[in-house]
Amino acid sequence: MTDDLGLLNLPGADSLVREACAAEGLDPALIARLVRIEQEFAGMARRRGIFDAFDAALAPSPEQPAR
Amino acid sequence: MRLTRLRLRNWKAFRSLDLELGISGKRNVFIIEGSNGFGKTSLLEAIILALYGREGVALVGRASSRGRAELGYDAFLERALHQAARGSDASASVELSFEGEGDDERVTLQRIWHFNPAGRHRKADEELRLWTGADDDLVVLPEGPEREVEGRDFVGRALVPARLASFFLFDGEHLDRLAGRDLDQQVRLGLEHALGIPVLRRLGEDLKTYARDRRRLLAGTAGADIDALIDSVADHEREQKRIRAELEQVNQRLVPLREERDSIVARIGSLHGESYESFKLLFEERERRARMRDGLQDRLRQTLSFDLALALAGPSLRAAAREAIASDIALAQSTSMRAAGAGRYDALIKMLSDPDDLAEAGLSSAQWKAFEPRLRHAWARVWGDASGGGSDPLHDHLGESDRLLVDERLRQIEAFGVEAIAELAHEAEAADATVAGIDRQIADQRGIDDISQQLADRLRETQAEISGLEEQARSLTRDLESLDSELGTKDRALAKARSEVDADAPLLARADRADAVNRVLARLIDELFPLNLAAFAKELTNAYTAMTHKGAVKDIRIDESGRVTLLDQEGRDLSELDPSAGESQIFAFALMAAITRIAPPFPIVLDTPLARLDPEHRDRVLRYFAGLDQQIIFLSQPAELSERYIELLEPHLAARIRLEHRAGESRPADETVPQRRASV
């Protein structure tokens, strides 16, 4: 998952992430991508660009339709 | 990883410093000692800011205290530039070298800060260089803002992430702040940071705001309507979760009570020999009747709540309501059919209006134009007459399945009158009287001796408690059913609102996905947080019992909500007892130590941490940390670690370095550097 996020590296985390994402019709890689975006913007006082980054990450791909 | 070399240039009191910190065998402890102002804390700050740059400023007490966190980094660096380097273009640098177990586990990190002649930090020019592997290969980092992000990721992966740094690199002030909180808060905060939960929480908040923001871009008020429905659904789901948890608790409390009741019944029976069977049968009969009575009372309650108003409304009003519902159903079907017909009509006209086909059929364009409206009218009649079209349904908020449900309910109520309600009330009353009668029979069977009397009293109390809890469970179940029903209505309304904004579907889809991710994050936090609690509590117990000298606490437990219980030998909870300042600090030490045990191995640097501790606690803290299998660097005042403690640390001591300060500069005292172990 993400290299430095302890919660997502716990034993059992991977299967729970897969299960929870499947229940919501999401690709587990999306969680990692969004966590990374959040971390990238964490040290910044102005976080204006974060919504654009979310837009790009959350745009439904043809093979991954939204629920 | 171990810190093997620390090099500073123009950093605070150090014009230039080059410290080698090699470990030999089990000698893992370094003591760097110096009086106030000699640069001990400057070393800790250098390590933190070199590793984490701007992000590390929150961990530097002298940069973030007294409300200066926002301007901390640049202002702090400008103060950190060595006095002799000021007045012209200058730079300060920190270089850290780390080694792990394998030959290729090597990382060197160098951060250089540049300043103009006025001493201002040139932010854009800050440099970060990284080398790794057995051959010290340069890690290629991108230019621009990405550089810091990639650098941070690398440090997080290869060394330790910033969120964990405060558990490895800390001073007495940080320890005091942690110790000042209550145990539950300390543990919750410590564990959450160790697991990175604040990042997930912040992501969840940002996604929530994002989804709301994107829905606000939808045409008209659709976004606001959907938002309101989503909030309402979320509120209902929270309430549902709370009630389910409460119901679970009530059911759990019932289990031992029912066991106790059965045990009392068996004991009473054993006291009365052969009469046991009849007593048991009587008691079971009482239970059966009580369940019947409860069922009847539930039905009566439900009837009075939901059906009575419908029954009293009278047949003509109910018939009018059913007619209106039937009309709504017909209208909805007609609308749906016309919509389907319109689509097909367009396709038909497209096929028929082909000029070649018209010519072949002997029709001119003018004839076709005159005929087409008649065809359209006929088509509309075939797919549902438009005579009812244009009028709105009376119950617009209901979907088709809701309308059918309402109709069915109204139909059922026709067979239900005031007499039926009275009969139900009578049955419930009779059932209650039957139970009371059996209770009297049970009472008649007791009283043979004191023991029987006590058992019977206890039985009555237990049964009363069980009945109370069962009633509570029924009430909660009813609340749940009611919530389920409301939630179903909200869900349908939400689906309807969504279906009406097809044009903005991509926007809505992104907002929906943000909400879905948020639900996944909430679930991950809820379910993953408790997974590590037992292992963590064990590490905490080991660390705390090793460091505290009272010895009263034998076990530390942490429940799923993060509540901490300190148990003594007999299992008594000592958490409520007021700990001394020193004991609080020991708990904070234990917490930090436990977190470092579940985190990747990294040097622990403690800056003057022992001030509040009595000699025995100091003794134990030093022994505990020295006994760990990771590198420990104590930054200490000479008075803090007297010769007694140095002797205690001797078997683990890799080097003792004394700082001195002369002519405005700090440096390792000449005579102390060679005191490092020969193997260093």
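So that the names make sense, note that chain A is the first sequence line, chain B the second, and so on, each numbered from 1. These numbers come from the heavy atoms of this one structure, side chains and all, not from hydrogens, waters or symmetry mates.
Looking at B:R523 and A:L16, their side chains come closer than 4.5 Å, going by heavy atoms from C-beta outward. Counting only heavy atoms from C-beta outward, the side chains of A:E24 and B:D515 never approach each other to under 4.5 Å.
Heavy atoms of B:I525 lying under 4.5 Å from chain A belong to its backbone as well as its side chain. Contacts between B:D213 and chain A at a heavy-atom distance below 4.5 Å involve the side chain alone, from C-beta outward. Neither the backbone nor the side chain of B:L164 comes within contact range of chain A, judged by heavy atoms closer than 4.5 Å. Contact of B:E150 with chain A is made through the side chain alone, with heavy-atom distances under 4.5 Å.
We find the CG-CG distance between A:L34 and B:L521 to be 8.0 Å, quoted to the nearest 0.5 Å. Distance check: B:D206 CG to A:I37 CD1 gives 10.5 Å after rounding to the nearest 0.5 Å.
Among all heavy-atom pairs drawn from A:V35 and B:V199, the shortest one is CG1-CG1, 4.5 Å.
With hydrogens and angles ignored, the 3.5 Å screen pairs a side-chain donor or acceptor of B:R513 with a backbone N or O of A:L58.
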Check the pair B:L207 / A:E38 against side-chain contact (heavy atoms from CB on, under 4.5 Å), numbers first and verdict last. CA-CA 10 Å; B:L207 286 171; A:E38 186 61 43; over 6 Å; no
Might you work through the side-chain contact (heavy atoms from CB on, under 4.5 Å) test for B:Y210 and A:D55, ending with a clear yes or no? CA-CA 9 Å; B:Y210 166 84; A:D55 268 341; 2.4 Å; yes
Worked verdict on A:F54 versus B:R214 for side-chain contact (heavy atoms from CB on, under 4.5 Å): CA-CA 11 Å; A:F54 283 164; B:R214 288 316 185 239; over 6 Å; no
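For B:E148, the side chain to side chain donor-acceptor pair (under 3.5 Å) partners two or more places apart in sequence, or in a different chain, are B:R111.
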